[in-house]
There are 2 protein chains.
Amino acid sequence: MDIKSAVLQLSSIAQEARLEIFRLLVQAGPDGLPAGNIGEALQIPGSTLSFHLKELSHAGLINSRQVSRFIYYSANYEAMDGLLAYLTENCCAGIKDCSPASACSTK
Amino acid sequence: MDIKSAVLQLSSIAQEARLEIFRLLVQAGPDGLPAGNIGEALQIPGSTLSFHLKELSHAGLINSRQVSRFIYYSANYEAMDGLLAYLTENCCAGIKDCSPASACSTK
DNA sequence: ACATTAATTCTATATTTATGGAATTATAGA
DNA sequence: TCTATAATTCCATAAATATAGAATTAATGT
């Protein structure tokens, strides 16, 4: 993970609507949700929602697949893991008592 | 941690210059570095640097203390831990094989 | 008191990001 | 084929963010 990718992914969730979308998709599980359901759940107009979904997709934090007329969006857990790993390294590098690393014996 | 704080903290590191500043301060350890050294190391003009340091401070991810004419900035590890914990919960909630959580038996 | 240095604030400007109505595209069913 | 529905793209506009020179503030040493 290079710093530009990290910034791109961070930017994609550094916005309230998009962080809410991502949380909702995490909760929704691997199958995800159709765009319409997301917009309805979070009360976001269609065009605005598409804009945010594109940001998250472009950063690679969500995936999409078409099922008939519906486009299902789902959280990309692997990508989020990669981002967390990057941040953990950059937060905890060489520091003994940095909690995520110390709580985690394998790191 | 509420969503607005998470977004504020994420925004503060979702920018290349600021993520570089934060990384540098993590590497520098608990004592941190004076503003001037940061600007010199990363080749950032003073006024721009002050702007970014203020953003990071306001988000609570860095601390500062004055030593004579120098202002030392240092990473706030606890705050970063809190952000990582929030993201881990929001990434991994209820999902067994999400790596940061699964690699970490205490979570 | 004066000059020097560290850092910030002020200011203007440029750039990026966010919002949402209207129009468009695409899929499905009658 | 015509209609309804899902979603996106287009477009204009608004708002927030980033940049950096110039001026200012504050601390130190002479």
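Naming: A, B, ... by sequence-line order, numbering from 1 per chain. As the structure is a prediction and not an experimental result, all values here were calculated from the model.
Around the CD atom of B/Glu40, the shell of radius 6.0 Å holds no more than 12 heavy atoms that belong to other residues, nucleotides or ligands.
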What's the verdict on side chain to side chain contact (heavy atoms under 4.5 Å, CB included) for B/Leu25 and B/Ser74, showing C-alpha distance, side-chain angles and the deciding distance? CA-CA 5 Å; B/Leu25 292 179; B/Ser74 55; 5.7 Å; no

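Atoms CD1 (A/Ile44) and P (C/dG21) sit 13 Å apart, rounded to a whole Å. The distance from atom CG of B/Leu53 to atom P of C/dA7 is 10 Å, rounded to the nearest whole Å. Between A/Phe70 atom CZ and C/dA26 atom P the separation is 18 Å, expressed in whole Å. Between the CD atom of B/Glu40 and the P atom of C/dT5 there is a distance of 14 Å, given to the nearest Å. Whole-Å rounding puts the B/Glu55 CD to C/dT9 C1' distance at 14 Å.
Once rounded to the nearest 0.5 Å, the distance linking CD of B/Glu55 with CG of B/Leu61 reads 11.5 Å. Within the model, atoms CG of A/Leu56 and CG of A/Asn63 stand 11.0 Å from one another, a figure rounded to the nearest 0.5 Å. We find the CZ-NE2 distance between B/Phe22 and B/His52 to be 15.5 Å, quoted to the nearest 0.5 Å. Atom CD1 of A/Ile13 and atom CE of A/Met80 lie 4.0 Å apart (nearest 0.5 Å). With rounding to the nearest 0.5 Å, the separation of CD in B/Glu16 from CG in B/Leu42 is 10.5 Å. Considering CD1 of A/Ile21 and CG of A/Leu33, their distance stands at 11.0 Å, rounded to 0.5 Å.
Using a 4.0 Å heavy-atom cutoff across all strands shown, B/Gly36 reaches sugar-phosphate atoms only and no base atom. Within the 4.0 angstrom heavy-atom criterion, base atoms lie near A/Phe51.
On the nucleic acid side, DNA chain D has its first and last nucleotide under 4.0 Å of a heavy atom of chain A at D/dA4 to D/dT9, going 5' to 3'.
For A/Thr48, a side-chain nitrogen or oxygen approaches OP1 or OP2 of C/dG20 to under 4.0 Å. Contact check, A/Ser47 against C/dG20: no side-chain N or O comes under 4.0 Å of OP1 or OP2.
A chain of hydrophobic side-chain contacts below 4.5 Å, direct or via other Ile, Leu, Val, Met, Phe, Trp or Tyr residues, connects A/Val26 to A/Leu24.
Nearest nucleotide to the side chain of A/His52, out of C/dT8, C/dA18, C/dG20: C/dA18.
Comparing A/Gln66 and B/Tyr73 by the nucleotide of DNA chain C whose heavy atom lies nearest to each, the residue mapping closer to the 5' end is B/Tyr73. Between B/Ser68 and A/Pro34, the one whose closest nucleotide on DNA chain D sits nearer the 5' end is A/Pro34.
Taking a 4.0 Å limit (strictly below) on heavy-atom distances, residues 4-24 of chain B reaches DNA chain D at B/Gln15, B/Arg18.
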